[in-house]
Every structure is written in structure tokens, then in C-alpha cells.
Amino acid sequence: MTAWRVPLSDLEVTDGDLAAVVDTYRSGWLTMGPETERLEETFAQYVGAAHSIAVTNGTAALHLTCAATGLGPGDEVIVPSLTFVATINAIAYTGARPVFAEIVGLDAPWLSATAAEAAISPRTKAIMTMSYGGHAGDVARIRQLADRHDLLLLEDAAHAAGARLDGRHLGTFGIAGAFSFFSNKNLAVGEGGMVVTHDGALAERLRLLRSHGMTTLTWDRHCGHAASYDVVALGYNYRIDEPRAALGRARLARLDDENRRRHELDIRYRELLGDIDGVGLLQPPVPNLICSHHLFAIVLEEGVDRDRFRGKLADRAVQTSVHYPPVHRFSIYREHAPEMPVTDAYATRSVTLPMFAHMTHEQQDLVVEAVRDAARG
Ligand SMILES: *Cc1c(COP(=O)(O)O)cnc(C)c1O
């Protein structure tokens with residue numbers, strides 16, 4: 001394993017985090033229980049949603065969202081190809097068909113409202129946005145579009161913990177939003193996720209499907225609230241456990257501070273990289289957005305050998321990545337894929353640079369120097 005001087009992302013675990021986790025082990029109750037309920041309440045309040053349903057990972061959150069909103073065979077869901085494959089898989093699990101649509105541009109790699117509108121067909125049931133890097137993108141316009149055409153708006157908010165547009169948390173613009181608490185996300189517990197919704201009936205359905213379609217939980221039976229159960233739907237086991245729920249709540253308390261720190265790093269990156277020839281930046285967050293800055297990506301000039309560029313950063317022990325290899329290029333989704341020149345261009349020319357809350361200016365300077373050097377060719 002390379003010892004990166006600047007890793008792509010990095011996690012700081014505090015004594016408080018550890019204490020919260022250890023307490024749950026000492027309690028003797030490990031699966032979903034009171035800590036999970038506390039996390040759900042805290043998270044719902046934090047994002048301003050009526051309901052919050054904790055699950056085992058972000059992919060489960062996405063799948064549960066698609067399943068509980070009733071997507072199925074014959075339905076089409078408009079979605080960006082420039083996302084993690086789980087976004088698309090979650091749609092496909094239900095039998096619905098993902099319909100790929102273009103991003104806005106090379107400096108705005110999120111689903112275009114115009115492209116989404118053009119992709120609407122009589123079979124379209126929903127639009128799924130993905131808040132790339134914690135940006136709001138076209139979500140407000142897409143919300144209006146969905147309303148006009150009577151479509152569901154679903155949000156993959158995996159990057160968006162702490163991100164608010166005009167005070168409204170991303171993930172709460174549509175009928176449901178899915179968050180990921182994977183290790184490298186802004187709110188990280190290892191494996192975990194959350195679905196949020198304003199809709200009480202949908203929340204009930206989400207809870208039911210999270211745990212085998214059973215009408216009572218083990219915890220309820222343990223507490224003596226329920227003696228038996230019925231199974232009323234084909235559900236899953238997507239439960240989170242208490243240690244991770246406790247870790248999530250401990251970390252949520254400092255998420256805003258960490259995102260502010262990421263914001264400062266974003267501004268500093270822009271100042272330091274702005275004058276380097278051949279290196280393009282994404283649009284800065286719009287003024288009415290508190291961005292979660294999950295990623296910091298640059299876009300290389302056409303014709304630059306990206307592997308070589310990334311190799312030069314790796315030589316200086318600076319880790320980079322690509323977000324994302326577009327899903328419409330993967331073998332299992334290639335067949336029905338439309339032409340997507342902007343997505344393809346972004347996917348071949350973008351490089352994701354290190355970004356994490358406790359990155360030092362010294363580390364950031366190392367990244368910038370490595371980029372400057374690599375851009376010289
Ligand atoms: C991380 C991520 C997911 C999947 O979340 P997991 O918790 O890893 O299952 C889905 N969509 C996007 C955009 C992601 O970044």
C-alpha cells in the first residue's frame with residue numbers, strides 16, 4: 001500500500017466517537033434499537049424532514065427509496081450517467097429502466113434540467129438527481145419540471161450531508177432523498193445510510209421494507225410493546241446497528257464545522273489553482289448554497305494524457321481519483337445508452353483531488369505544486 005502524503009480523503013475519529021461506540025457495546029443491544037431511533041430523530045431535525053429512516057448503507061437507502069415509491073417494470077427513471085453505479089443499480093433492482101441524461105457542462109457535472117426534460121416519455125415515472133460533490137445543481141428547476149409532468153423527484157444525496165440551498169437541505173426537495181455514511185463520505189460511519197421524506201405514508205412503507213415487511217421490530221418485542229408480527233410486504237434486511245448509529249450521531253454534531261473547513265479549503269484551492277494553464281475548475285457553489293464540498297475536481301485540457309498526469313501526482317504521493325467512470329459505458333448498461341458527449345468528455349478529462357476536513361494548508365500546497373508541475377507536461 002502506498003503511504004500517501006496526501007490521501008484522497010481521510011477520517012478523524014475522536015475519543016468522543018469511540019466512547020459513543022463503546023457504550024453501545026456495553027449496553028448489550030447491538031442491532032437497531034434506541035441509538036438508531038436517536039440518530040433518526042436527530043438527522044430528521046438536522047435536515048428538516050418529517051421522517052428519517054436509517055439503513056445499512058447508501059445503496060440500501062437508494063433501493064428502499066425506489067422500492068417504496070413503487071417503481072417497477074415498465075417504469076422509466078431519468079438519471080445522470082455521471083454517478084456511482086449504485087444510483088443506477090438501485091433503479092434496476094426494481095425492474096424499472098434507468099434512462100441516462102446529460103450533465104450541464106464540463107464545469108457543472110450534474111444532471112441538466114433541459115436534458116432531463118428532453119428524456120421524458122409516457123413511461124417516465126421519476127427523475128433521480130445526484131448532488132455531485134455537494135452541489136445543488138439544477139435540483140430546484142428539476143423539482144418544477146417533475147411537478148409540471150407529475151413525476152416523482154428522488155434524490156441521491158450521498159454527497160450532500162450538510163448541504164443547504166436557500167436553507168433547504170439537499171435530499172428534501174423531492175418525495176425522498178437517500179444519504180450514504182460510507183467511510184469516505186462527509187458523514188462517515190463505515191457502512192450506513194439514511195432515507196428522508198416529508199411523506200408519512202411513504203415513511204411507514206420504508207420502515208416496513210427495511211425489516212422484512214414485518215409489522216413489528218425485534219426491539220419493540222424486546223420492550224414488550226408487541227408479542228407477535230405479521231409480514232405484509234416483500235421486504236429486506238436493511239437495518240443498521242447500534243454502534244454505527246451512535247457513531248453517526250456523534251459525528252453529525254461536528255458535520256457543519258467540518259463542512260465549513262472544507263469550504264475554506266475549496267476557496268483556497270480555487271485561488272491557488274486558478275492561474276494554472278490547462279487546469280479547469282468547476283463552477284463555485286452558487287451564493288445561496290451551503291455546499292458540503294464532498295469532492296474537489298479539476299478538468300484537464302482536451303488532449304492531456306490523464307493517466308500520466310495522475311501518475312505524476314502519485315509520484316509525489318498525492319492520491320487522486322475519477323468521479324466517475326460513467327455508468328452508460330459499463331458493460332451491463334451499455335446496450336440502451338444514448339450518446340452522451342459531455343458526460344464522456346468530463347469522465348475522461350476530470351481528476352478528483354484530495355479533500356477532507358482536517359487537510360492542512362501544507363498538504364494542500366503539496367497537491368497544488370504537484371498539479372502545477374504535472375500541468376507543465
Ligand atoms: C457512495 C455513493 C453511493 C452508495 O453508497 P454506499 O453507502 O457506499 O452504499 C451512491 N451514490 C453515490 C453518488 C455515492 O457517492
Side-chain angles (χ1 to χ4, degrees), residues 8-9 11 36 39 43 52-67 77-94 98 100-101 103 109-111 126-139 142 153-163 170-171 173-174 176-196 206 210 236-241 244-245 247-248 251-252 255 259 262 282 291-297 321-328 330 333 343 346-347 350 352 355-356:
L8 191 66
S9 77
L11 205 56
T36 304
L39 172 66
F43 198 81
S52 186
I53 296 97
V55 292
T56 188
N57 57 55
T59 306
L62 285 164
H63 178 209
L64 220 49
T65 297
C66 292
V77 181
I78 297 166
V79 64
S81 167
L82 196 85
T83 183
F84 183 55
V85 66
T87 319
I88 313 300
N89 287 347
I91 296 165
Y93 293 154
T94 68
F100 298 113
I103 54 174
W110 36 79
L111 179 64
I127 304 176
M128 171 89 80
T129 59
M130 194 280 272
S131 29
Y132 188 105
H135 288 265
D138 276 359
V139 73
I142 291 172
L153 171 59
L154 313 176
E155 292 177 80
D156 180 340
H159 296 188
L170 298 185
F173 281 73
F179 292 84
S180 165
F181 305 149
F182 182 63
S183 272
N184 68 8
K185 300 287 162 50
N186 290 43
L187 182 59
V189 308
E191 299 283 353
M194 191 73 83
V195 185
V196 302
L206 287 159
R210 168 178 61 180
Y236 309 92
N237 176 0
Y238 281 169
R239 293 185 301 264
I240 195 168
D241 58 24
R244 291 181 295 159
L247 183 58
R251 300 187 67 88
L252 181 57
L255 178 62
N259 284 352
R262 285 172 184 265
L282 302 196
C291 182
S292 51
H293 298 285
H294 174 56
L295 301 174
F296 189 90
S321 185
V322 171
H323 291 87
Y324 290 90
V327 178
H328 75 284
F330 291 137
Y333 291 113
T343 293
Y346 184 83
S350 71
T352 308
M355 171 58 92
F356 47 94

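One-based numbering, in listed order, for ligands and for the atoms of each.
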Notebook entry, point to check: Do the rings of Tyr93 and His63 sit parallel, tilted or perpendicular, given the 30° and 60° boundaries?
Noted result: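 Taking His63 first and then Tyr93, their aromatic rings stand perpendicular (interplane angle over 60°).
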Notebook entry, point to check: Between His135 and Trp110, how do the two ring planes meet: parallel, tilted or perpendicular, split at 30° and 60°?
Noted result: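 Because their plane-to-plane angle is under 30°, the rings of His135 and Trp110 count as parallel.
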Indicate yes or no for a side-chain donor-acceptor contact from [X] to the backbone of [Y] under 3.5 Å, with no hydrogens or angles considered.
X: Tyr333; Y: Val85; value: no
X: Asn259; Y: Ala161; value: yes
X: Arg244; Y: Glu191; value: yes
X: Thr129; Y: Leu153; value: no
X: Glu155; Y: Phe173; value: yes

Item checked: Taking every non-hydrogen atom, the tightest pair across Ala54 and Ile240 ->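 That would be CB-CG2, 3.9 Å.
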Checklist line | Heavy-atom pair with the smallest gap, counting every atom of Thr87 and Leu62 | finding: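 What the structure gives for the nearest pair is CA-CD1, 3.9 Å.
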Numbering the atoms of ligand 1 from 1, which are under 4.0 Å from a heavy atom of [X]?
X: Tyr324; result: 13 (C), 15 (O)
X: Met130; result: 13 (C)
X: Leu62; result: 10 (C)
X: Thr87; result: 11 (N)
X: Thr83; result: 13 (C)
X: Gly58; result: 5 (O), 6 (P), 7 (O), 9 (O)

Looking only at protein heavy atoms, identify the closest one to [atom] and say how far it is in Å.
atom: atom 11 (N) of ligand 1; result: Asp156 OD2, 2.7 Å
atom: atom 9 (O) of ligand 1; result: Thr59 OG1, 2.5 Å
atom: atom 5 (O) of ligand 1; result: Ser180 OG, 3.2 Å

Contact partition for [X] relative to ligand 1, non-hydrogen atoms under 4.0 Å:
X: His159; result: side chain
X: Asn57; result: both
X: Phe179; result: neither

Note to self: Taking a cutoff of less than 4.0 Å between a non-hydrogen atom of the residue and any ligand atom, is Lys185 in contact with ligand 1?
What the structure shows: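 Judged by the 4.0 Å heavy-atom criterion, Lys185 does count as contacting ligand 1.
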Notebook entry, point to check: Below 3.5 angstrom, do we get any N/O pair linking Phe84 and ligand 1?
Noted result: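 Between Phe84 and ligand 1, no N or O pair is found under 3.5 Å apart.
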